[in-house]
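In each ligand, atom 1 is the first atom listed, and ligand 1 is the first ligand listed.
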Amino acid sequence: MDLKDRLTELKFKALGEIETVEDLKRINEIRVNLLGKKGPITEVLRGMKDLSKEERPVVGSFANKVRDELTEAIAKRSEKLEIIKIAKKLEKEKIDVTLPGVSVKVGQSHIIMQVIDQLEKFFLGMGYQVVDGPEVEEDHYNFEMMNLPKDHPARDMQDTFYITNQILMRTQTSPVQARTMEKHDFSKGPLKMISPGKVYRRDTDDATHSHQFHQVEGLVIDKHITMADLKGTLQAIARTVFGDEREIRLRPSYFPFTEPSVEVDVSCFKCGGNGCSVCKQTGWIEVLGAGMVHPNVLTMAGIDSTVYGGFAFGLGPDRFAMLKYGVDDIREFYLNDVRFLSQFSQKGQR
Ligand code: PHE
């Protein structure tokens with residue numbers, strides 16, 4: 001068989017193979033085998049040295065034509081296989097938009113924060129500022145400046161975590177009163193503030209006690225502040241948190257930093273005052289402590305108590321939340337069980 005015939009036979013065999021090959025890796029192998037240095041075309045061309053001068057260019061150009069044809073066939077087939085591959089991939093990756101989605105769990109404020117947020121919003125609206133204070137506090141601010149000197153018996157009312165003799169975990173938010181009074185410039189207007197935050201007491205945890213809980217302190221200092229201002233403010237708090245029909249009642253009490261001091265009851269939101277299990281059949285629920293700021297407290301903070309006076313109150317958001325939502329164990333707030341917390345959705349809250 002002469003060289004031209006061998007080339008022609010080779011060409012048809014190769015073309016057949018190229019046409020039917022199904023994968024890209026294989027076609028690359030065919031290309032290397034067929035057209036490479038060790039391939040059959042090179043092999044055939046090697047035999048040209050035995051040809052005559054006249055035959056050589058004829059066979060040479062024929063061989064080149066065969067190589068070009070095969071190269072083109074391989075390129076075409078590769079392109080086609082590439083397209084098929086992409087089409088298959090797209091088919092596999094098709095997104096079914098009718099499948100149900102994955103629901104994303106959205107968090108929410110803790111129930112205590114919801115109560116605090118509601119109170120902040122209310123007081124900001126009345127022109128109060130919201131002030132922060134340290135939880136690790138000095139005895140000086142937590143007690144001394146609140147009219148509770150070292151040997152005062154009322155210190156026993158609040159069991160304290162001491163860190164050193166002088167440093168403690170604050171037992172109340174009242175020290176923020178003293179810190180704010182010291183700094184306030186009365187030439188710029190009256191002092192009206194609330195201070196929400198955590199407080200700590202050396203209590204044994206049970207359904208109604210927690211060694212850590214929350215308070216919101218309130219303080220107003222100006223000229224001519226009376227107990228009527230306090231009562232109106234407390235009434236407004238009670239109605240904001242517990243509903244528009246609520247009444248309040250003040251009972252005499254004792255706090256070292258207020259004189260007179262009062263305990264504040266709100267008419268029962270469950271029975272409207274008739275008596276039920278929530279109000280222990282009394283029609284009233286105790287919700288906070290308050291009073292007119294003691295002159296000693298003003299004097300210690302550098303305020304002239306003959307000119308200025310005011311009121312203060314301290315309320316417990318934990319207790320508010322327990323009452324409002326019927327939670328009977330304060331520890332629930334601190335266990336952070338999402339099943340408990342997620343019951344208090346903010347929808348329709350504010
Ligand atoms: N600090 C008091 C307490 O923790 C509450 C209070 C604050 C009472 C302000 C009167 C005025 O019991």
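Residue-level proximity to ligand 1 for F257 is carried by the side chain, the only part with a heavy atom below 4.0 angstrom. With a 4.0 Å cut-off on non-hydrogen atoms, M292 does not touch ligand 1 at all.
The N/O atoms of R201, backbone and side chain alike, include one that comes under 3.5 Å of an N/O atom in ligand 1. Looking at Q177 next to ligand 1, no N or O pair under 3.5 Å apart turns up.
Among S261, G218, G316, A312, the residue whose heavy atom sits closest to atom 11 (C) of ligand 1 is A312.
Residue contact check: G314 has heavy atoms under 4.0 Å from atoms 6 (C), 7 (C), 9 (C) of ligand 1. Near S174, meaning under 4.0 Å from one of its heavy atoms, ligand 1 places the atoms 1 (N), 7 (C). Proximity to G289 (heavy-atom distance under 4.0 Å) selects the following atoms of ligand 1: 8 (C), 10 (C). Counting atoms of ligand 1 from 1 in the listed order, those under 4.0 Å from a heavy atom of E217 are 7 (C), 9 (C). Close approach of ligand 1 to Q215 is summarised as follows: ligand atoms under 4.0 Å from at least one heavy atom of the residue are 3 (C), 4 (O).
With respect to K13 and E9, no salt bridge is recorded, no charged nitrogen being found less than 4.0 Å from a carboxylate O. Electrostatic pairing of R77 and E19 does not count as a salt bridge here, judged by no charged N lying under 4.0 Å from a carboxylate O. Salt bridge status for R331 with D206: absent, with no side-chain N to carboxylate O gap under 4.0 Å.
Hydrophobic clustering, with ILVMFWY side chains joined whenever heavy atoms are under 4.5 angstrom apart, keeps M146 apart from L315. Transitive grouping of hydrophobic side chains (ILVMFWY, heavy atoms separated by less than 4.5 Å) keeps V264 and W284 in distinct clusters.
Not a single heavy atom of M146 lies less than 4.0 angstrom from ligand 1. Using a non-hydrogen distance threshold of 4.0 Å, H294 does not register as a contact of ligand 1.
Residues that satisfy the side chain to side chain donor-acceptor pair (under 3.5 Å) test with N336, not counting sequence neighbours, are absent from this structure.
Counting only heavy atoms of the protein, atom 1 (N) of ligand 1 lies nearest to Q172 OE1, 2.8 Å. Annotation: atom 12 (O) of ligand 1 to nearest protein heavy atom, F255 CE2, 3.8 Å.
Side chain of Q108 to backbone of L341: a donor-acceptor contact under 3.5 angstrom is found. The backbone N or O of E247 sits less than 3.5 Å from a side-chain atom of S267, completing a donor-acceptor pair.
Relative to the ring axis of Y141, R179 places its NZ or CZ within 45° and under 6.0 Å from the centre.
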